[in-house]
Amino acid sequence: RYIALNEFCRGKFIEGGLPAERVVVKPNFVDFDAPQSVARAGFLFVGRLSVEKGVATLAAAMGLLPDARLRVAGDGPEAGLLDGVPGVAKLGNLPGEAVRHEMSHAAALVVPSICYENFPRTIAEAFACRTPVIASRIGALAELVRDGETGLLFEPGNPHDLADKIAWALAHPEQMAAMGRTARAQYEAEFSAEVNYRRLMEIYDEVLAEQEMNKR
C-alpha cells in the first residue's frame, strides 16, 4: 500500500501513475489534550518564512489591517518582508510546547501557502487546540479546512481576500470560537493518535488478508 495523507494527495499520486487500488488515506496526527479555555486575541503564523508559504501575501494583508495583531513563529529567507509591518511580532523559532501555547491563545492560525501542501501538522495542532484556521483555498488545504465550519478559506496569493477574512474573524469572535470547537471535534474524530493507530492497523490487516488470499 501507498499511504496518502488526504484525498487530494491520493488523487495526485494516482495521476502520477500509482495504482488506485493500492493508495489509501491516513492523515497526520498529533497527541495532546485540549487546552483550558482562555481569552483569545490576535492571529498566529507558524512555519518557515519562505516564498512558497505565502509570506508576501501575509505581509501585504497585515499592511491593510491596522487593528489586527499577528504573532509569527518561525524564520527563513522571507522574514524581512514582515519587518516594520504594523501589528506583527516576530517570535523566531519556538519549541513545540511554546507553539501550542501560542495556538491556544490565538483567535486563528493563518496558513497563506501558495504551493500544494501535503498535510501541515500545524493544522492538526491548531484543531487540537480549538483554534480555527484561515487558509489558502489551494490543494489539500481546501480539503482540510472546512470553510465556515473549522475556519475560513481565501484565494491564494490575494492579500485583499486574506485581509477580508481576518477582518471578518476580528468582527465575529463568537463564530470563530464555535469554529474552534468544531475543529477540536474533527481532531478527535480524525487526527488523534488513537484514531490514527486504528486506521494504520486496518491498513496492515488489509494487506495481510490480501496476502493470505493470494496464497490460496
Side-chain angles (χ1 to χ4, degrees), residues 5 27-49 53-55 58 61-62 65 67-76 79 82 85 87-113 117-136 140-141 143-154 162-163 165-197:
L5 296 179
N28 274 337
F29 71 95
V30 295
D31 185 20
F32 50 89
D33 296 331
Q36 294 181 345
S37 296
V38 297
R40 292 175 179 256
F43 300 86
L44 178 69
F45 172 92
V46 178
R48 178 171 166 77
L49 299 177
K53 296 297 185 179
V55 180
L58 182 62
M62 289 302 298
L65 297 164
D67 296 328
R69 298 293 177 264
L70 174 74
R71 293 168 69 78
V72 177
D75 203 352
L82 296 168
V85 178
V88 174
K90 294 164 65 178
L91 309 177
N93 292 319
L94 298 178
E97 185 175 345
V99 169
R100 289 193 291 274
H101 175 82
E102 292 290 337
M103 284 182 174
S104 300
H105 289 76
L109 177 74
V110 183
V111 183
S113 299
E117 297 276 6
N118 198 347
F119 188 134
R121 276 172 50 90
T122 51
I123 290 182
E125 290 171 344
F127 283 8
C129 291
R130 297 196 197 98
T131 304
V133 177
I134 301 175
S136 302
L141 297 180
E143 175 186 337
L144 296 171
V145 179
R146 301 200 298 263
D147 195 21
E149 296 182 35
T150 58
L152 302 171
L153 296 174
F154 70 95
L162 174 54
K165 297 304 188 294
I166 292 175
W168 189 94
L170 278 171
H172 298 85
E174 293 183 2
Q175 288 92 329
M176 294 301 291
M179 290 182 201
R181 292 190 291 272
T182 302
R184 174 68 195 191
Q186 185 178 356
Y187 159 77
E188 292 174 353
E190 301 179 27
F191 308 140
S192 67
E194 180 181 352
V195 169
N196 273 260
Y197 174 79

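Side-chain atoms are counted along with the backbone in the values below, which use heavy atoms only and exclude waters and symmetry mates.
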Take F191 and Q186, measure what side chain to side chain contact (heavy atoms under 4.5 Å, CB included) needs, and give me the verdict at the end.
CA-CA 7 Å; F191 308 140; Q186 185 178 356; 3.8 Å; yes
Do the rings of H105 and H101 sit parallel, tilted or perpendicular, given the 30° and 60° boundaries?
tilted
Any side-chain heavy-atom pair of [X] and [Y] under 4.5 Å:
X    : Y    : answer
R181 : R184 : no
P112 : L58  : yes
V110 : K165 : no
L144 : P27  : no

How many angstroms lie between atom CG of D31 and atom OH of Y187, to the nearest 0.5 angstrom?
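D31 CG to Y187 OH: 5.5 Å, rounded to 0.5 Å.
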Would you give the length of the straight line joining atom CE of M176 to atom NE2 of H172, rounded to the nearest 0.5 angstrom?
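Here the rounded value is 10.5 Å.
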Test log, rule side chain to side chain contact (heavy atoms under 4.5 Å, CB included), inputs I134 and L109:
CA-CA 6 Å; I134 301 175; L109 177 74; over 6 Å; no
What closest approach, in Å, do [X] and [Y] show between heavy atoms, and which atom pair accounts for it?
X    : Y    : value
S136 : L153 : O-CD2, 4.0 Å
L70  : F45  : CD1-N, 3.9 Å
T131 : A106 : CG2-O, 3.9 Å
C129 : S104 : SG-OG, 3.6 Å
L141 : V111 : CD1-CG1, 4.0 Å
V145 : A135 : CG2-CB, 4.1 Å

Walk me through whether S37 and R130 qualify under side chain to side chain contact (heavy atoms under 4.5 Å, CB included).
CA-CA 9 Å; S37 296; R130 297 196 197 98; 4.0 Å; yes
What I want to check is whether the side chains of E117 and S113 have a donor and an acceptor closer together than 3.5 Å.
yes
Enumerate donor-acceptor pairs with a distance under 3.5 Å from any side-chain N or O in residues 88-96 to protein atoms, sequence neighbours excluded.
from: K90; atom 1: NZ; to: A79; atom 2: O; distance (Å): 3.3
from: K90; atom 1: NZ; to: D83; atom 2: OD1; distance (Å): 2.6
from: N93; atom 1: OD1; to: D75; atom 2: N; distance (Å): 3.4

Just do the ring pair (Phe, Tyr, Trp, His ring centres under 6.0 Å) check on F29 and F119 with the steps written out, would you?
CA-CA 10 Å; F29 71 95; F119 188 134; over 10 Å; no
Qualifying residues under salt bridge (charged side-chain N to carboxylate O under 4.0 Å, His left out), relative to R121, sequence neighbours excluded:
E125
Quick one, E102 with V46, criterion side chain to side chain contact (heavy atoms under 4.5 Å, CB included). Give me CA distance, side-chain angles, the key distance, then yes/no.
CA-CA 10 Å; E102 292 290 337; V46 178; over 6 Å; no
Is it true that a side-chain atom of R40 and a backbone atom of A177 form a donor plus acceptor pair closer than 3.5 Å?
no
Residues in side-chain contact (heavy atoms from CB on, under 4.5 Å) with A68, at least two apart?
M62, L65, I166, L170
In this structure, are over 12 heavy atoms from other groups packed under 6.0 Å from F32 atom CZ?
yes
